[in-house]
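These notes are about the structure you will find just below.
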Amino acid sequence: MLDIKLIRSNPDLVREAMRRRGETVPLDELLALDERRRALLSEAEQLKARRNRASEEVARAKRAGEDAGHLIQEMRAVGDRIQALDDEVREVDRRLNELLLAIPNIPHESVPYGESEADNVEVRRWGEPRRFGFDPKPHWDVAARLGILDFERAAKVAGARFAVYRGAGARLERALINFMIDVHTQEHGYTEILPPFLANAAAMTGTGQLPKFAEDMFRCEGTDLYLIPTAEVPVTNLHRDEILDADELPLYYVAYSACFRAEAGAHGRDTRGLIRQHQFNKVELVKFVRPDTSYDELERLVADAEDILKRLGLPYRVVQMCTADVGFAAAKKYDPEVWMPSYGRYVEISSCSNFEDFQARRANIRFRPARKAKPEFVHTLNGSGLAVGRTLAAILENYQNEDGSVTVPEALRPYMGGLERIEPER
RNA sequence: GGAAGGGUAGCCAAGCGGCCGACGGCAGCGGUCUUGAAAACCGCCGAGGGCGCAAGCUCUCCGUGGGUUCGAAUCCCACCCCUUCCGCCA
């Protein structure tokens, strides 16, 4: 959420930011509502001040045994007028809030202008895509031969876009989760969180999934609960409505969770394999930081995600999102992408964003910069460290051998009981 | 799911419809005392909004939302959450 005061005092800045995003927002309606609100408030408050003084007078008169009938009579009318004004303020507030919640964040000045994802900018590459001496197979074929992923039976249980992991496949997924969490907790300084996988509407609004992206989520019928699309939601909302001490910051959390996405509007895209599922595992990194440090923290967050790819020996590149593709809540975003032989290109495997105070304002997460100082909004950041299903797919493809086996990356072997290769079943 | 009790400021906690945005205590901050510390004592110490260059003025907030009333932390209704007991249950 943007600060209404910023919009009020600097509408052109906001207008320009929205233009760069390729968005149109009803700024004029918003400004008119804001003005109307303040006029109503001013009138209501004058009347309330009068009523408060009259109430004291009534109390004084009653104690003195005097008659206050005329005052009470007069205040009855004032009360009605206050009621009417408050009702209108409520309605204006509701509409104002509705508009405010639908306005995306302002891109940071370092974000390149662009009109579509085609204008995203590659910022660096690591590793060399392997030259295969044979025709490499897509991961779903590799997995089928190994008997470690079963999409047909998953469809029987839950439908399309679900997977069943089996045997070494299930173990590999679990190994990846443990490996990632261990690296982030033991070497990058994050604290492990295991959050609820369902979150309520207030939490979803806090991080920006609601109200705009309701159709992307699964909702539990008859309840206020949604299956989380990412651990970002429960973990960021851990500190909703809190005022943190300055010396608690920065807070670094790492959380494993299953993630659930309706993938409405993705019909026909990535229909095979693990790339686009209704349910997938992810290890998520979340930071709460002081505003003046958030851009340094973003660079370190990306580096922490990249470190996993390096340790797994997976070639990748990092792409910076342009203004058109930066995401609703983010001010700046990098997407690490892993090399996927079957796609013949790099595929998103993480997404690291600085939200500045956009989520903090929505979720009311503040800190006190110094003793006695007024609370300020923190900056929140998050990034995948990494999407586990896609990482498993990348390993199957990049580490496949001609005989159908898959070499286990060295870093994972301690998590696989020392297993060096996953061999086809006999 | 049933019954009972409870949600008041960072924490604990008091609060006959009007001197209550809220007694008191703890924690924190500043000071007196002390060689230093502790203790004792004194003072400060919630958040948000509106108007204002500012000093300041003012409004709102006692789980949430409604209602009654000239006036609600206090009375009424609904909902949420917590605790205990019972039932069920991985």
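The figures that follow rest on heavy atoms only: side chains count, while hydrogens, waters and symmetry mates do not. A quick note: this is a predicted structure, and the numbers were derived from the prediction, not measured. Reminder, nothing fancy here: chain letters follow the sequence lines and each chain counts from 1.
Distance noted for atom P between B/G71 and B/C59: 16 Å (whole Å). Taking the P atoms as reference points, B/G28 lies 35 Å from B/C81, given to the whole Å. The C1' atoms of B/A22 and B/C61 are separated by 12 Å, rounded to the nearest whole Å. Nucleotides B/A37 and B/C19 place their P atoms 44 Å apart, quoted to the nearest Å. Comparing the same atom, C1', in B/C75 and in B/U68 gives a spacing of 8 Å after rounding to whole Å. Separation of the P atoms belonging to B/A72 and B/U64 is 16 Å when rounded to the nearest angstrom. If you take atom C1' in B/U8 and the same atom in B/A73, they sit 7 Å apart, rounded to whole Å. The gap from the P atom of B/G25 to that of B/G46 amounts to 16 Å, rounded to the nearest Å.
Across the strands present, B/G5 finds its partner in B/C82; the criterion is a Watson-Crick or G-U wobble pair with both atom distances under 3.5 angstrom. Applying the Watson-Crick and G-U wobble criteria (two distances, each under 3.5 Å), B/A55 pairs with nothing in any strand. Nucleotide B/U35 has no partner under the Watson-Crick or G-U criteria, as no pair reaches both atom distances under 3.5 Å. The partner of B/C88 is absent, by the rule that a Watson-Crick or G-U pair needs both atom distances under 3.5 Å. Of all nucleotides present, none satisfies the Watson-Crick or G-U wobble test against B/C19 with each distance under 3.5 Å. Across all strands shown, B/U69 forms no Watson-Crick or G-U wobble pair with both distances under 3.5 Å. Across every strand in view, B/G10 sits in a pair with B/C26 that passes the Watson-Crick or G-U test at under 3.5 angstrom. Across the strands present, B/A47 finds its partner in B/U60; the criterion is a Watson-Crick or G-U wobble pair with both atom distances under 3.5 angstrom.
The closest side-chain heavy-atom distance from A/L172 to A/V406 is not below 4.5 Å. For the pair A/Y165/A/L392, a side-chain contact is recorded, criterion being any heavy-atom separation below 4.5 Å from C-beta on. Side-chain contact check for A/V286 versus A/E284: some heavy-atom pair is nearer than 4.5 Å. Counting only heavy atoms from C-beta outward, the side chains of A/I349 and A/Y316 never approach each other to under 4.5 Å. Side-chain contact check for A/I148 versus A/L396: some heavy-atom pair is nearer than 4.5 Å.
Between the P atom of B/C29 and the CG atom of A/D245 lies a distance of 12 Å, rounded to the nearest Å. Between the CG atom of A/L85 and the P atom of B/G50 there is a distance of 17 Å, rounded to whole Å. Atom C1' of nucleotide B/C81 and atom CZ of A/R240 are separated by 13 Å, given to the nearest angstrom. Atom CD in A/E242 sits roughly 12 Å away from atom P in B/G10 (whole-Å rounding). Nucleotide B/G49 holds its C1' atom 10 Å from the CG atom of A/D93, rounded to whole Å. Following rounding to the nearest Å, A/I72 (CD1) and B/G17 (C1') show an atom-to-atom distance of 13 Å. For the pair A/D224 CG and B/C79 C1', the interatomic distance rounds to 12 Å; values are reported in whole Å. The CG atom of A/D241 sits 15 Å away from the C1' atom of B/A9 (whole-angstrom rounding).
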So which protein nitrogen or oxygen atoms get under 3.5 Å of nucleotides 62-66 of chain B's nitrogens or oxygens?
from	atom 1	to	atom 2	distance (Å)
B/G66	OP1	A/R90	NH1	3.3

N/O to N/O distances under 3.5 Å, protein versus nucleotides 57-61 of chain B:
from	atom 1	to	atom 2	distance (Å)
B/C59	OP1	A/N52	ND2	3.0

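Counting non-hydrogen atoms under 4.0 angstrom, A/R60 reaches nothing in the nucleic acid. Using a 4.0 Å heavy-atom criterion, one finds that A/L71 contacts no nucleic acid atom at all.
Side-chain atoms of A/S42 lie closest to B/G50 of the nucleotides B/G48, B/G18, B/G50. Closest approach to the A/K5 side chain among B/C70, B/A47, B/G50 is made by B/G50 (side chain taken as heavy atoms from C-beta onward).
When the side-chain nitrogen and oxygen atoms of A/R8 are compared with OP1 and OP2 of B/G50, one or more of them lie within a distance under 4.0 Å. Contact annotation: A/R38 reaches the phosphate of B/C51 (side-chain N/O to OP1 or OP2, under 4.0 Å).
By the 4.0 Å N-to-carboxylate-O rule, A/D325 lies too far from A/R21 to be salt-bridged with it. Electrostatic pairing of A/R311 and A/D307 counts as a salt bridge here, judged by a charged N lying under 4.0 Å from a carboxylate O.
Ring pair A/H239/A/Y253 is parallel by interplanar angle, where below 30° counts as parallel and above 60° as perpendicular.
For A/E88, the salt bridge (Lys or Arg N to Asp or Glu O under 4.0 Å) test picks out A/R36, with sequence neighbours left out.
Proximity of a side-chain donor or acceptor of A/R368 to a complementary backbone N or O of A/D245 within less than 3.5 Å is not detected.
Comparing A/M75 and A/A59 along RNA chain B, the residue whose closest nucleotide (by nearest heavy atom) sits nearer the 5' end is A/A59.
With hydrogens and angles left out, the side-chain atoms of A/R50 and A/N52 include no donor and acceptor closer than 3.5 Å.
Remark: aromatic rings of A/F213 and A/F328 are close, center separation under 6.0 Å.
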